[in-house]
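Structure first, commentary second.
It should be emphasised that the depicted structure is a prediction, and the values quoted were computed from it without experimental measurement.
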Amino acid sequence: MSFAQANGKKGTASPKIADHGEKSCPSARAEPGALLIGVVGADGLVQPIPTRLEIDEDFVEQASKSGVPEARFRFGGRCVEGKCKQWTGNSCGVIEKVLTGMADQNIAPAENLPRCIIRGTCRWYSQRGADTCRACIYVVTDQSALVAHA
Ligand code: SF4
């Protein structure tokens with residue numbers, strides 16, 4: 001697998017990454033230009049990746065050989081708001097359902113906030129703050145119909 005050269009220059013960021021005040025989707029598809037933000041561990045919990053890694057076509061191709069990448073990795077992309085069917089009109093419905101589901105099932109939130117490279121722009125964090133980060137390790141994109149993007 002390989003990663004594209006991370007390009008931090010203003011105005012030249014990947015079109016898949018939030019820029020110019022946009023928010024990041026923390027449960028995005030595996031697409032060239034997205035950021036790899038976590039790996040699903042053997043225990044089913046997401047291990048965050050604290051380094052900025054932009055995936056490329058080769059990564060997507062290689063990762064797809066072993067199944068759906070979104071079942072084993074978490075990716076950060078651009079929040080497209082109303083162009084996503086999870087958008088409620090003013091917020092992301094995914095994390096609200098995750099938080100409700102955790103409460104219903106008495107799933108204990110993580111004690112500490114994971115290290116995260118997209119916290120500054122994260123849609124979920126901007127919406128519900130640290131509670132979302134304590135729930136984030138439980139979110140596997142492909143295991144939930146809640147995150148079926150438009
Ligand atoms: S919810 Fe928190 S830990 Fe998860 S991607 Fe957003 S900022 Fe990072």
Does one hydrophobic cluster hold both V139 and M102, with members joined at side-chain heavy-atom distances below 4.5 Å?
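Same cluster.
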| said: Side-chain heavy atoms nearer than 4.5 Å, only ILVMFWY residues, links allowed to pass through others: does that put V94 and V80 together? | reply: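 Unlinked, V94 and V80 end up in two clusters.
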Ignoring hydrogens and angles, tell me if any N or O in the side chain of [X] forms a donor-acceptor pair with the backbone of [Y] under 3.5 Å.
{"X": "E22", "Y": "C79", "result": "no"}
{"X": "R74", "Y": "C136", "result": "yes"}
{"X": "R119", "Y": "P114", "result": "yes"}
{"X": "T100", "Y": "E96", "result": "yes"}
{"X": "Q127", "Y": "C92", "result": "yes"}
{"X": "Y138", "Y": "I107", "result": "no"}
{"X": "S66", "Y": "A63", "result": "no"}

Write down the atom of [X], the atom of [Y], and the distance for their closest heavy-atom approach.
{"X": "V98", "Y": "A135", "result": "CG1-CB, 4.2 Å"}
{"X": "G44", "Y": "V140", "result": "O-CG2, 3.9 Å"}
{"X": "L99", "Y": "D131", "result": "CD2-O, 3.8 Å"}
{"X": "G77", "Y": "A28", "result": "N-CB, 3.5 Å"}
{"X": "C133", "Y": "L113", "result": "CB-CG, 3.8 Å"}

Checklist entry - Would you say E57 has more than 12 foreign heavy atoms packed within less than 6.0 Å of its CD? => result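 Atom CD in E57 is not crowded, with 12 or fewer foreign heavy atoms closer than 6.0 Å.
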Side chain proximity check, F59 to P32, heavy atoms < 4.5 angstrom: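 The answer is no, as the side chains (C-beta and beyond) never meet within the 4.5 Å cut-off.
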Contact check, side chains of C116 and P48, non-hydrogen atoms, under 4.5 Å |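 In short, these two side chains do not touch, never coming nearer than 4.5 Å.
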Take I17 and L35 through the test side-chain contact (heavy atoms from CB on, under 4.5 Å) and record every step on the way to the result.
CA-CA 7 Å; I17 300 173; L35 298 176; 3.6 Å; yes
Gap between atom [atom2] of [Y] and atom [atom1] of [X] - 0.5 Å precision:
{"X": "D104", "Y": "K97", "atom1": "CG", "atom2": "NZ", "result": "13.5 Å"}
{"X": "E61", "Y": "D56", "atom1": "CD", "atom2": "CG", "result": "10.0 Å"}
{"X": "Q47", "Y": "I137", "atom1": "CD", "atom2": "CD1", "result": "8.0 Å"}
{"X": "F73", "Y": "I37", "atom1": "CZ", "atom2": "CD1", "result": "13.0 Å"}
{"X": "S24", "Y": "I117", "atom1": "OG", "atom2": "CD1", "result": "8.5 Å"}
{"X": "L53", "Y": "F75", "atom1": "CG", "atom2": "CZ", "result": "11.0 Å"}

Please lay out, stage by stage, how R134 and E111 fare under the test salt bridge (charged side-chain N to carboxylate O under 4.0 Å, His left out). CA-CA 7 Å; R134 294 194 172 93; E111 210 165 295; over 6 Å; no
| task | Go through S27 and W124 one step at a time and tell me if the side-chain contact (heavy atoms from CB on, under 4.5 Å) criterion holds. | result | CA-CA 10 Å; S27 190; W124 295 354; 3.9 Å; yes
query = So, are E81 and K23 salt-bridged, with charged N and O less than 4.0 Å apart?
reply =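 No salt bridge links E81 with K23.
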